[in-house]
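Here is the structure we will look at.
A quick note: this is a predicted structure, and the numbers were derived from the prediction, not measured.
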Amino acid sequence: VEKQSASFQRYGVWADWDTPYLTLQPEYEAAQIDVFGKMVLKGHIYRGFKPVNWSPSSRTALAEAELEYPEGHISQSIYVGFNVVDAAPCLA
């Protein structure tokens, strides 16, 4: 983290370098879980179907923002359903 901070400062990035938040700190993770829990209680989180954009070349899922389509593109996407065997109770 110190090396990255030094590089960013050299590049001229402005930040609170004396008190950074680090995403792997337990306090940060706990705060994220707290916010997520509040969103669940308010009904902002729901379960539904959503396609997963998959890159065969990099063998990884892609974010919507990473997708670029040429003019006139016709998607050849397919939707695949999988049966869940022995689902955890929280997923039922």
Side-chain angles (χ1 to χ4, degrees):
V1 173
E2 289 82 17
K3 185 176 180 180
Q4 185 179 39
S5 174
S7 294
F8 282 169
Q9 289 180 56
R10 222 175 33 255
Y11 301 147
V13 175
W14 288 7
D16 184 0
W17 300 113
D18 295 326
T19 55
Y21 70 89
L22 304 174
T23 56
L24 293 178
Q25 288 181 331
E27 299 83 7
Y28 180 86
E29 292 179 3
Q32 295 302 305
I33 291 170
D34 180 57
V35 169
F36 185 77
K38 289 176 182 174
M39 292 171 66
V40 168
L41 293 174
K42 291 180 180 179
H44 298 304
I45 306 298
Y46 63 92
R47 182 175 303 194
F49 296 105
K50 182 177 180 188
V52 175
N53 302 301
W54 184 260
S55 169
S57 59
S58 61
R59 297 172 52 194
T60 187
L62 300 172
E64 189 71 31
E66 296 178 284
L67 303 177
E68 294 182 14
Y69 300 109
E71 189 70 33
H73 171 77
I74 297 174
S75 176
Q76 297 181 11
S77 297
I78 61 171
Y79 291 86
V80 180
F82 295 95
N83 292 326
V84 177
V85 179
D86 296 329
C90 64
L91 298 177

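Taking D34 as the reference, K38 meet the side-chain hydrogen bond (donor to acceptor under 3.5 Å, both in side chains) condition, with sequence neighbours excluded. Partners of D18 according to the side-chain hydrogen bond (donor to acceptor under 3.5 Å, both in side chains) rule, which considers only residues two or more places apart in sequence or in another chain, do not exist here. Partners of T23 according to the side-chain hydrogen bond (donor to acceptor under 3.5 Å, both in side chains) rule, which considers only residues two or more places apart in sequence or in another chain, do not exist here.
Hydrophobic clustering, with ILVMFWY side chains joined whenever heavy atoms are under 4.5 angstrom apart, keeps V52 apart from L67. Hydrophobic clustering (ILVMFWY, side-chain heavy atoms < 4.5 Å, transitive): Y69 and L62 are in one cluster.
Taking NE2 of H73 as the start and CD of Q76 as the end, the distance is 7.5 Å to the nearest 0.5 Å. Expressed to the nearest 0.5 Å, how far CG of L41 lies from CZ of F36 amounts to 10.5 Å. Taking CD from E29 and CG from L22, the interatomic distance works out to 11.0 Å, rounded to the nearest 0.5 Å.
S5 and W17 make their closest contact through OG-CE3, 3.2 Å (heavy atoms, listed as atom of the first residue, atom of the second, distance).
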